[in-house]
Amino acid sequence: MRTQVAIIGAGPAGMFLAHLLRRHDIDAVVIERRDRAYVEGRVRAGVLEQVTVDLMHRLGLAERLVREGLVHGGTNLALDGEVFRIDMAALTGGSTVTVYGQQEVMRDLFDAAQADGLAIVWNAADVTLAGLDGDRPTVTWREQGEARTLDCDFVVGCDGFHGVSRGAIPEDVRKTFERVYPFGWLGILADVPPADHELIYANHERGFALASMRSPTRSRYYIQCGVDEDVADWPDERFWDELCVRLGPAAAAKVTRGPSFEKTIAPLRSFVTEPMRWGRLFLAGDAAHIVPPTGAKGMNLAVSDVTMLGEAFVDHYRDRSDAGIDGYSARALARVWKAERFSWWFTSVTHRFPTMDGFDRRIQMAELDYIRGSQAAQRTLAENYVGLPLSPA
Ligand SMILES: Cc1cc2nc3c(=O)[nH]c(=O)nc-3n(C[C@H](O)[C@H](O)[C@H](O)COP(=O)(O)OP(=O)(O)OC[C@H]3O[C@@H](n4cnc5c(N)ncnc54)[C@H](O)[C@@H]3O)c2cc1C
């Protein structure tokens with residue numbers, strides 16, 4: 001088997017890239033370790049930046065997004081129970097974010113892939129990359145016990161944090177940068193109306209809480225918890241009680257309680273690997289970087305990476321220019337590090353750290369109070385939250 005671009009992983013990064021390449025008649029094959037139901041079923045991101053929404057429109061994938069997505073022109077912060085709103089649209093010249101679950105994005109990507117006949121290999125076991133520093137890379141895997149080989153011009157590792165691609169870059173070339181946070185997020189989904197039509201990020205002395213949603217009838221709530229805690233210790237009533245304390249009385253009065261149908265604890269981490277290209281291997285999305293979910297940047301970064309990489313492949317195949325390919329790593333990392341900074345900062349000012357003393361707590365409260373009173377501070381937050389523009393080529 002032969003193709004131009006082999007894409008490892010059918011998550012958001014891999015599938016957006018496959019659609020982008022198809023629009024420019026560049027051949028690609030996506031090789032995925034799991035099946036469609038697994039990838040589509042993972043409950044993860046929910047807030048789309050304008051960059052992501054724009055790409056879905058360009059790819060003709062936005063029909064359901066326009067119908068069902070919830071456009072947010074603002075977001076709320078709560079400081080020890082007192083809620084204030086940041087008018088993101090007014091502060092950024094009209095930019096917004098759209099709440100539309102990653103599961104819905106994946107469904108749209110897979111439905112369109114099926115209709116367009118995009119090549120996806122499901123349930124590929126033992127994926128192995130070879131020849132990445134030469135002219136003829138290969139990808140091998142096992143499919144129902146049979147060995148398969150794909151020859152290609154380039155390999156793109158879109159296989160997430162636990163994939164194989166990042167490890168194919170030699171250790172003496174690869175640099176990693178990491179922060180592991182001393183807490184996690186306990187998240188639930190419940191079919192009850194959300195507390196507010198926009199998100200509420202709450203800093204409370206007992207810890208962080210987030211009121212979010214997936215639709216007008218489905219709520220997504222999170223509270224900061226210990227990484228080693230067991231979800232079994234968090235029956236629904238305990239979760240709702242703690243959430244309401246942290247959101248404060250005004251927001252808590254608008255919380256509708258109901259049975260949760262999903263409850264998980266996610267660890268928080270910041271991670272970047274450099275470079276994002278080695279020989280004929282490119283990394284995109286979570287394969288190269290992780291952000292804590294506070295800034296809602298993970299999936300959006302995956303999309304901005306592959307948007308830049310897609311442009312680079314078009315330059316290579318259509319215009320015979322390798323400038324985009326050669327500049328990809330630096331260009332992508334410039335945006336990645338800004339999103340890393342924002343996600344780290346937003347996590348730092350909204351969470352309770354175990355080592356925090358009275359001084360740290362007052363500095364944190366002063367920072368949030370400063371945001372409440374300063375248009376300049378609000379604009380900085382809003383500009384980062386709605387998503388920075390793609391780095392120039
Ligand atoms: C609780 C939570 C909340 C989040 N909230 C947000 C949010 O609001 N906004 C946001 O933008 N982001 C958010 N994120 C992050 C977002 O979900 C990820 O950043 C996004 O899924 C990254 O996409 P990806 O395609 O790079 O990687 P992934 O989604 O991890 O996809 C990788 C794919 O590669 C496959 N794979 C792995 N190994 C192999 C292999 N060896 N061979 C072949 N295939 C392989 C996997 O099965 C998977 O399908 C959140 C994440 C979590 C956990």
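Numbering of ligands and ligand atoms starts at 1, following listing order. Side chains included, hydrogens not; waters and symmetry mates left out as well; all remaining heavy atoms used.
A parallel orientation is assigned to the rings of F208 and H351, their planes being inclined by less than 30° (bins at 30° and 60°).
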**OP:** Begin from the C-alpha positions of V336 and D305 and carry the test side chain to side chain contact (heavy atoms under 4.5 Å, CB included) through to its verdict.
**Re:** CA-CA 8 Å; V336 165; D305 286 351; 3.9 Å; yes
Original post:
Going through the distances and angles, do T273 and R174 end up as a side-chain hydrogen bond (donor to acceptor under 3.5 Å, both in side chains)?
Top reply: CA-CA 7 Å; T273 192; R174 191 167 21 113; 5.1 Å; no
Original post:
Does the pair N203 and R361 meet the rule for a side-chain hydrogen bond (donor to acceptor under 3.5 Å, both in side chains), with working shown?
Top reply: CA-CA 10 Å; N203 175 321; R361 174 77 183 138; 2.7 Å; yes
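Contact annotation: for E49 versus ligand 1, there are no heavy atoms closer than 4.0 Å. In V127, the part holding a heavy atom less than 4.0 Å from any atom of ligand 1 is the side chain. Here I31 has backbone heavy atoms under 4.0 Å from ligand 1, and that is the only part of it that gets that close. By the criterion of a heavy-atom distance under 4.0 Å, both the backbone and the side chain of D159 are placed next to ligand 1.
Which parts of ligand 1 touch K297 is read off a 4.0 Å heavy-atom cut-off, strictly below it: atoms 10 (C), 11 (O). Those atoms of ligand 1 with a heavy atom of C158 less than 4.0 angstrom away are 32 (C), 33 (C), 34 (O). The atoms of ligand 1 that sit less than 4.0 Å from any heavy atom of N300 are 11 (O). The ligand atoms of ligand 1 that sit less than 4.0 angstrom from a heavy atom of V47 are 8 (O), 9 (N). Close approach of ligand 1 to A296 (heavy-atom distance below 4.0 Å) involves ligand atoms 7 (C), 8 (O), 9 (N), 10 (C), 11 (O). Taking every non-hydrogen atom of G298 and a distance limit under 4.0 Å, the qualifying atoms of ligand 1 come out as 10 (C), 11 (O), 12 (N), 15 (C), 19 (O). Those atoms of ligand 1 that come under 4.0 Å of a heavy atom in G163, given as number and element, are 38 (N). The contact set between ligand 1 and I8, taken as ligand atoms under 4.0 Å from a residue heavy atom, comprises 42 (N), 43 (C).
Between R44, Q102, R34, it is R44 that holds the heavy atom closest to atom 51 (C) of ligand 1. For the residues A266, G295, A302, the heavy atom positioned nearest atom 1 (C) of ligand 1 is part of A266. Considering each of D286, L283, L210, V121, the one bringing a non-hydrogen atom nearest atom 20 (C) of ligand 1 is D286. Of all the listed residues (G11, P12, A10), P12 holds the heavy atom that lies closest to atom 23 (O) of ligand 1. If you check each of R33, R36, R42 against atom 29 (O) of ligand 1, the one with the closest non-hydrogen atom is R42.
At the shortest separation from atom 25 (O) of ligand 1 among protein heavy atoms lies A13 N, 2.9 Å. Of the protein's non-hydrogen atoms, A45 CA, 3.3 Å is the one closest to atom 5 (N) of ligand 1. Closest protein heavy atom to atom 49 (O) of ligand 1: E32 OE1, 2.7 Å.
A donor-acceptor pair under 3.5 Å links the side-chain atoms of K297 to the main chain of N384, judged by distance alone. A donor-acceptor contact shorter than 3.5 Å is absent between the side chain of Q102 and the backbone of V43. One N or O on the side chain of H204 and one on the backbone of R206 form a donor-acceptor pair closer than 3.5 Å.
Here I86 contributes atom CD1 and I371 contributes atom CD1; the two are 6.5 Å apart, rounded to the nearest 0.5 Å. With rounding to the nearest 0.5 Å, the separation of CE in M308 from CG in L333 is 9.0 Å.
A heavy-atom separation below 4.0 Å is found between G46 and ligand 1. Ligand 1 is never approached by G187 to a heavy-atom distance shorter than 4.0 Å.
In this model, a donor atom of one side chain and an acceptor atom of the other lie less than 3.5 Å apart for Y100 and R64. At a cut-off of 3.5 Å, with distance as the only test, no side-chain donor of Y222 or Y201 sits close to an acceptor on the other residue. Side-chain contact of D27 with T3: a donor-acceptor pair under 3.5 Å is absent, judged by distance alone. Side-chain contact of S270 with Y181: a donor-acceptor pair under 3.5 Å is present, judged by distance alone. Side chains of W337 and E274: a donor-acceptor N/O pair is present below 3.5 angstrom, by distance only.
Here F177 and F271 keep their ring centres 6.0 angstrom or further from each other.
On a distance-only criterion, Y222 and ligand 1 share no N/O pair closer than 3.5 Å. Checked against a 3.5 angstrom limit, the closest N/O atoms of M299 and ligand 1 fall inside it. Checking only distances, V39 never comes within under 3.5 Å of ligand 1, N or O to N or O.
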